[in-house]
*Asks:* 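Mind looking over this structure? Questions follow.
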Amino acid sequence: MSGPLRLLPGEGGSLPTLPRQRKGPRARPSWAADPIDELAERLMEPVSAAVHPYEVAALLESDGLTGDQIGTRYGRPGLFTLAADLYARVPRHYPEPPPAADPWRPDHLRCAVRGLVFALPGLAYVLGSGLLGSEGAVTGLVAAGLAAWAWNQALSHRAYLRLGTAGAAAAGRTLRLGAPAGALTASVAGLVLAGPGPAGAFAAGQSCYLGAATVLLVLGRERTLLLALLPVAGGAVAALWWQPPTAVAVVPLLATGILATLAAAHGVRTALRSGPVAGAAPGPAVSLPYGLFGLAAGVLAMLTGAADPYAVVVLTLSMGFAEWLLYRYRGLAVAALRASTAPRDFRLRAARALALCLGAYVALLGAGALLTGTGPAPLLGLGAVLWTALLLQAFGVAWPPAAVCLAAAAAEAAAPAAGLPTGLAQPVCRTVAALVLLYLACRILGRPTAHR
């Protein structure tokens, strides 16, 4: 669903800033015979446009200043002290930026297609309900789903990473090996628990589809995947007027699985032919937190579905809008960065954008809960947790959201054994997790350098 620079913690107290100047010529101040004043005069243009002393520190580093030069020539103990002094001496002056398009403007059609792609696979469970009559069958299906979610979340991160750093051929090589391995692992888990038979075959088909869908989504072939889902969608529509026997109901499922697998194989083959592989592959450990997040998200969704299946339906239908809001936040954050004159000003604008996007998503979930009669508290909490975690992951912050979601999933799963009612444990765990993630998002994404 896409690492940023990090801003080191600030040192010292708040630094003075002068009012923003946008119009009219800017007069040069009269400098005294001071080495720091001479440096300020030489670097006046870039220093006056800085919004934080750390930008001045980066400028001095690129200018080749060493620690010895800073101490002997300018009489300052370190780089950041000199940068803070320059930032305080030079008046702020921000030229009017030329009109620029939003680099994170969401593709509305693509988000809508991806929303359909996320939602339509749920129709397979309607058609295959006759295969899942026993408790063992459901257990096998859940195990296969959790294994596939965790594996494919890590695989998609690794493939996206290779796509951005080494090209489509490198991503294709990662998917060529990873997708079949994940499908096999999840299929074995489902077959062991469900046993051989229709339920085990359904779990294996689910695993193969999820692997193929991961390949197509990473390679940007959402419309191809949507076409592959047409047999399932058509079968579900037909089931409204005619209840087919199980032997007939599985035909759309098989057709969708075969079409998705063939399309994924073609996509990988095309990617491998796109050019040479450049760069070394990162270690698998870098994708581990994304896989753990996928596992935690799967557990939270399964626990929600066990208590209220319609809540999972609402959550699934909202995924396209959730992805659109992720892009929208990044666009609002870039606009806030351009409009801000000081770090505190940017933090407030970024927090406002976060509250706006998260509030819009929670409002959509609340409307869905009202329409379906779903209990709103667990659904709203789950939506807030997942959306905020995905936002942090989009900025390369992987371990904190994975740890928070794993803790929430473990606490919910252990609540019945501890004698706590599910109706109380779910809202409490999810509210706490959402508040922790929201604090992390405000803290991390309130830094200007996180958005550059």
Side-chain angles (χ1 to χ4, degrees), residues 1 107-133 137-138 140-142 144-145 148-149 152 179 183 186-187 190 194 197-268 270 301 305 309-324 364 368 371-372 374:
M1 326 169 255
D107 185 335
H108 309 303
L109 178 60
R110 184 169 181 263
C111 288
V113 171
R114 287 176 70 91
L116 287 174
V117 164
F118 294 142
L120 287 179
L123 297 175
Y125 301 103
V126 177
L127 291 174
S129 59
L131 304 174
L132 306 173
V138 175
L141 186 67
V142 169
W149 283 8
N152 289 319
S187 298
F202 188 90
Q206 170 189 260
S207 304
C208 293
Y209 168 79
L210 290 174
T214 299
V215 172
L216 293 172
L217 290 174
V218 169
L219 297 179
R221 297 172 177 259
E222 294 89 354
R223 298 184 185 183
T224 303
L225 182 56
L226 184 61
L227 292 175
L229 285 165
L230 288 180
V232 164
V237 172
L240 295 176
W241 293 277
W242 173 58
Q243 186 62 40
T246 303
V248 177
V250 297
V251 172
L253 307 180
L254 293 174
T256 289
I258 292 172
L259 289 175
T261 302
L262 291 175
H266 176 72
V268 169
T270 303
Y310 285 106
V312 178
V313 173
V314 173
L315 184 70
T316 304
L317 293 174
S318 72
M319 285 294 102
F321 185 59
E323 187 166 323
W324 184 87
L364 177 71
L371 290 175
T372 59
T374 298

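In this text, all values refer to a predicted model and were calculated from it rather than measured experimentally.
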*Asks:* For the residue pair Ala311 and Thr374, what are the closest heavy atoms and their distance?
*Replies:* CB-CG2, 3.4 Å
*Asks:* I need the minimum non-hydrogen distance between Ala137 and Ala199, along with the two atoms involved.
*Replies:*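 Minimum heavy-atom separation between Ala137 and Ala199: CB-CB, 3.3 Å.
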*Asks:* With respect to Val268, which candidate in Val215, Leu216, Val218 satisfies the side-chain contact (heavy atoms from CB on, under 4.5 Å) definition?
*Replies:*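 Exactly one candidate clears the test, Val215.
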*Asks:* Looking at Ala183 and Ser207, what are the two nearest heavy atoms and their distance?
*Replies:*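 Closest heavy-atom pair between Ala183 and Ser207: O-CB, 3.7 Å.
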*Asks:* Can you name the nearest heavy-atom pair linking Ala233 to Leu123, along with the distance?
*Replies:*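 Scanning both residues completely, I find the closest heavy atoms to be CA-CD1, 3.8 Å.
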*Asks:* So with a 6.0 Å cut-off around CZ of Phe321, is the heavy-atom count from everything else above 12?
*Replies:* yes
*Asks:* What's the spacing between Glu222 CD and Arg110 CZ if we round to 0.5 Å?
*Replies:*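 Glu222 atom CD to Arg110 atom CZ measures 4.0 Å (nearest 0.5 Å).
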*Asks:* Less than 4.5 Å apart, any side-chain heavy atom of Thr372 and any of Val313?
*Replies:* no
*Asks:* Mind checking whether Leu315 and Ser318 have side chains closer than 4.5 Å, heavy atoms only?
*Replies:*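 Heavy-atom side-chain distance check passes, below 4.5 Å.
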*Asks:* Sequence neighbours excluded, which residues qualify as ring-ring contact (aromatic ring centres under 6.0 Å, His included) partners of Tyr125?
*Replies:* Phe202
*Asks:* Nearest 0.5 Å please: distance from the CG atom of Leu219 over to the OG1 atom of Thr214.
*Replies:*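 Leu219 CG to Thr214 OG1: 10.5 Å, rounded to 0.5 Å.
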*Asks:* Grab the two heavy atoms, one from Ala148 and one from Leu210, that are nearest each other, plus how far apart they are.
*Replies:*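 The answer is CB-CD1, 3.5 Å.
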*Asks:* Measuring only between side-chain heavy atoms, which start at C-beta, is Leu109 closer than 4.5 Å to Arg223?
*Replies:* yes
*Asks:* Identify, with sequence neighbours excluded, every residue that meets ring-ring contact (aromatic ring centres under 6.0 Å, His included) alongside Tyr209.
*Replies:*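 Not a single residue meets the ring-ring contact (aromatic ring centres under 6.0 Å, His included) criterion with Tyr209.
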*Asks:* Quick one: pull up CG in Leu226 and CG in Leu120 and give me the separation to the nearest 0.5 Å.
*Replies:*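 Leu226 CG to Leu120 CG: 6.5 Å, rounded to 0.5 Å.
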*Asks:* Applying side-chain contact (heavy atoms from CB on, under 4.5 Å) to Asp107 and Arg114, what does each step give before you reach the verdict?
*Replies:* CA-CA 11 Å; Asp107 185 335; Arg114 287 176 70 91; over 6 Å; no
*Asks:* Just list the side-chain donor-acceptor pairs under 3.5 Å for residues 247-261, sequence neighbours left out, or say none.
*Replies:*
unit_1 : atom_1 : unit_2 : atom_2 : d
Thr256 : OG1    : Ala228 : O      : 3.1
Thr256 : OG1    : Val232 : N      : 3.4
Thr256 : OG1    : Pro252 : O      : 3.2
Thr261 : OG1    : Gly257 : O      : 2.8

*Asks:* For the residue pair Cys111 and Glu323, what are the closest heavy atoms and their distance?
*Replies:* SG-C, 4.5 Å
*Asks:* Could you grab the distance from atom CG of Leu225 to atom CZ of Phe118, nearest 0.5 Å is fine?
*Replies:*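 Nearest 0.5 Å value for the CG-CZ distance: 9.0 Å.
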